[in-house]
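A short write-up of the structure that comes next.
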Amino acid sequence: MNETAPQPTYYPDDEIDLRELFATLWRGKWIIMLTTLVFAAAGVGYALYKPNIYQSSVLVAPAQEEGGGLSGLASQFGGLASLAGINLGGGSSNQTVIAKEVLQSRAFLTDFFHRHDMEIPLMAVEGWNKKTGDWVYDRDKYNPETGEWLPDSDGESHKPTDWDMVETFREDHFSVGEAKDTGMITVSVKHYSPILAKEWAEKLVQDINEHMRKQDVEEAEARIAYLEQKLDETNIAGMQQVFYQLIENETRTVMLANAQKEYVFKTVDPAVVAEEKAEPKRALICVIATLLGGMLGVFIVFIRAFIRGSDGESSSQSNTGDTTA
């Protein structure tokens with residue numbers, strides 16, 4: 001007895017008809033072309049409207065070795081020092097990591113803005129004239145003739161707060177990157193003016209070095225004063241030796257800090273005035289806008305075809321019902 005092999009079942013309604021698909025696209029070709037053209041024109045206009053932004057970067061390396069003499073003294077005299085109420089600790093803190101975090105901190109950046117009068121070039125400028133070297137001001141916020149900040153629609157002044165300046169600088173102008181394999185750190189600054197971007201990048205490195213140097217000198221001098229006081233209060237020879245060693249170490253810290261110009265970060269590759277813009281990527285903007293326009297046009301064509309198909313089926317069912325009746 002021969003049994004017939006089961007034949008596969010086909011469902012024509014579920015298959016995609018490529019010819020019908022291309023026919024639908026061809027019927028809606030003008031919609032696709034028009035949408036693509038509109039988006040392409042908008043992308044070109046937006047790309048041309050955006051001003052050039054330039055970037056300057058400083059490549060720096062740690063300028064001092066970590067784990068200096070204090071950790072050695074801690075292992076040698078830690079027991080005796082603890083008897084006098086002095087905590088030498090088990091090692092030195094990583095100055096490079098601390099300096100990197102301080103560089104991005106709100107307190108340091110706020111002080112940096114005020115020290116270098118960055119309020120106007122940071123918050124009131126929206127472009128830079130390459131030919132004349134003049135800034136292009138946002139005259140809805142700031143009047144350069146009178147030097148006054150203008151009120152907004154609610155009547156409040158556009159004058160920025162420290163919070164506003166820090167947020168704007170972090171988001172739009174400033175970045176810090178670190179190479180994990182080499183430990184090198186890159187401090188980058190963006191601005192409409194390549195000259196200003198270079199100056200800010202240089203000053204950031206200079207100021208963080210000076211900030212960390214001043215902080216270490218003040219702490220070392222405070223420890224020296226405390227150790228000298230403890231030295232006068234004890235007659236124990238062993239403790240006196242500890243105090244002399246610690247005072248010598250702290251004095252060396254002060255001397256080295258004052259002698260080093262680049263205290264925490266040593267410049268490997270200095271900042272230069274950029275000759276080419278970093279942003280905007282005008283070609284990329286135009287390409288993305290054109291692709292989005294084409295995709296939207298195709299989507300519109302398919303939606304129209306689906307709606308028309310649904311309306312056609314409804315009409316056909318309605319006519320069939322009337323004929324039957």
Side-chain angles (χ1 to χ4, degrees), residues 43-63 96 99-106 108-138 141-142 160 162 164-211 262 264-289:
V44 171
Y46 177 78
L48 294 176
Y49 170 77
K50 293 287 289 182
N52 290 339
I53 297 177
Y54 299 87
Q55 176 175 295
S56 287
S57 300
V58 182
L59 181 65
V60 298
T96 303
K100 182 182 174 183
E101 295 303 318
V102 171
L103 179 62
Q104 303 173 77
S105 67
R106 187 174 299 276
F108 175 82
L109 290 177
T110 299
D111 185 60
F112 180 75
F113 299 150
H114 293 297
R115 187 185 308 114
H116 299 291
D117 297 324
M118 291 173 55
E119 182 182 72
I120 294 173
L122 180 62
M123 304 298 295
V125 173
E126 61 177 6
W128 180 70
N129 191 319
K130 188 175 182 179
K131 295 181 179 179
T132 63
D134 297 329
W135 292 332
V136 178
Y137 294 95
D138 185 351
K141 295 181 179 180
Y142 180 76
D162 293 340
D164 295 332
M165 289 191 290
V166 171
E167 292 300 313
T168 299
F169 191 66
R170 284 175 175 174
E171 293 177 5
D172 302 332
H173 300 274
F174 176 55
S175 63
V176 178
E178 181 177 359
K180 299 300 182 181
D181 53 342
T182 63
M184 297 289 183
I185 297 173
T186 302
V187 180
S188 301
V189 176
K190 295 179 181 178
H191 197 266
Y192 303 114
S193 167
I195 300 174
L196 201 58
K198 171 183 177 294
E199 291 178 357
W200 286 356
E202 290 177 337
K203 289 177 180 178
L204 278 168
V205 176
Q206 293 172 2
D207 284 14
I208 189 60
N209 276 327
E210 184 60 30
H211 175 87
E262 294 183 309
V264 177
F265 293 134
K266 181 178 180 180
T267 301
V268 177
D269 188 11
V272 297
V273 177
E275 297 184 0
E276 297 181 356
K277 63 179 177 62
E279 299 175 9
K281 307 292 185 182
R282 292 190 171 90
L284 181 61
I285 292 175
C286 295
V287 170
I288 292 177

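The basis for the numbers below is simple: all heavy atoms, side chains too, and nothing from hydrogens, waters or symmetry mates. From a predicted model like this one, the values you see are computed outputs, not experimental measurements.
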Item to check | ring-ring contact (aromatic ring centres under 6.0 Å, His included) between His191 and Tyr54, intermediate numbers included | outcome: CA-CA 6 Å; His191 197 266; Tyr54 299 87; 9.8 Å; no

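Using a 4.5 Å heavy-atom threshold, the side chains of Val58 and Thr186 count as separate.
Under the 3.5 Å distance criterion, the side-chain polar atoms of His173 are matched with a main-chain donor or acceptor of Lys190. The closest donor-acceptor contact from the side chain of Arg170 to the backbone of Gln104 lies under 3.5 Å. A donor-acceptor contact shorter than 3.5 Å is absent between the side chain of Trp128 and the backbone of Val136. Panel note: side chain Asp138, backbone Val125; no donor-acceptor pair is recorded below 3.5 Å.
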Side-chain atoms of residues 268-276: list all donor-acceptor pairs with protein atoms under 3.5 Å, sequence neighbours left out, distances to 0.1 Å.
none

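Ring geometry, Phe113 versus Phe169: the interplanar angle exceeds 60°, so the pair is classed perpendicular (tilted spans 30 to 60°). Between Tyr137 and Tyr142, the ring planes lie tilted relative to each other; the angle falls in the 30° to 60° range.
In terms of the salt bridge (Lys or Arg N to Asp or Glu O under 4.0 Å) criterion, Arg282 has no residue partners (sequence neighbours excluded). A search for side-chain hydrogen bond (donor to acceptor under 3.5 Å, both in side chains) contacts involving Lys141 returns nothing, not counting sequence neighbours. Remark: Glu210 pairs with Arg213 by the side-chain contact (heavy atoms from CB on, under 4.5 Å) rule, at least two apart or across chains. Applying the salt bridge (Lys or Arg N to Asp or Glu O under 4.0 Å) rule to Glu101 yields no partners; only residues at least two apart in sequence or on another chain are considered. Looking at residues two or more places apart in sequence or on another chain, you find a side-chain contact (heavy atoms from CB on, under 4.5 Å) between Ala179 and Asp181, Thr182.
Around atom NZ of Lys203, more than 12 heavy atoms belonging to other residues, nucleotides or ligands sit under 6.0 Å away.
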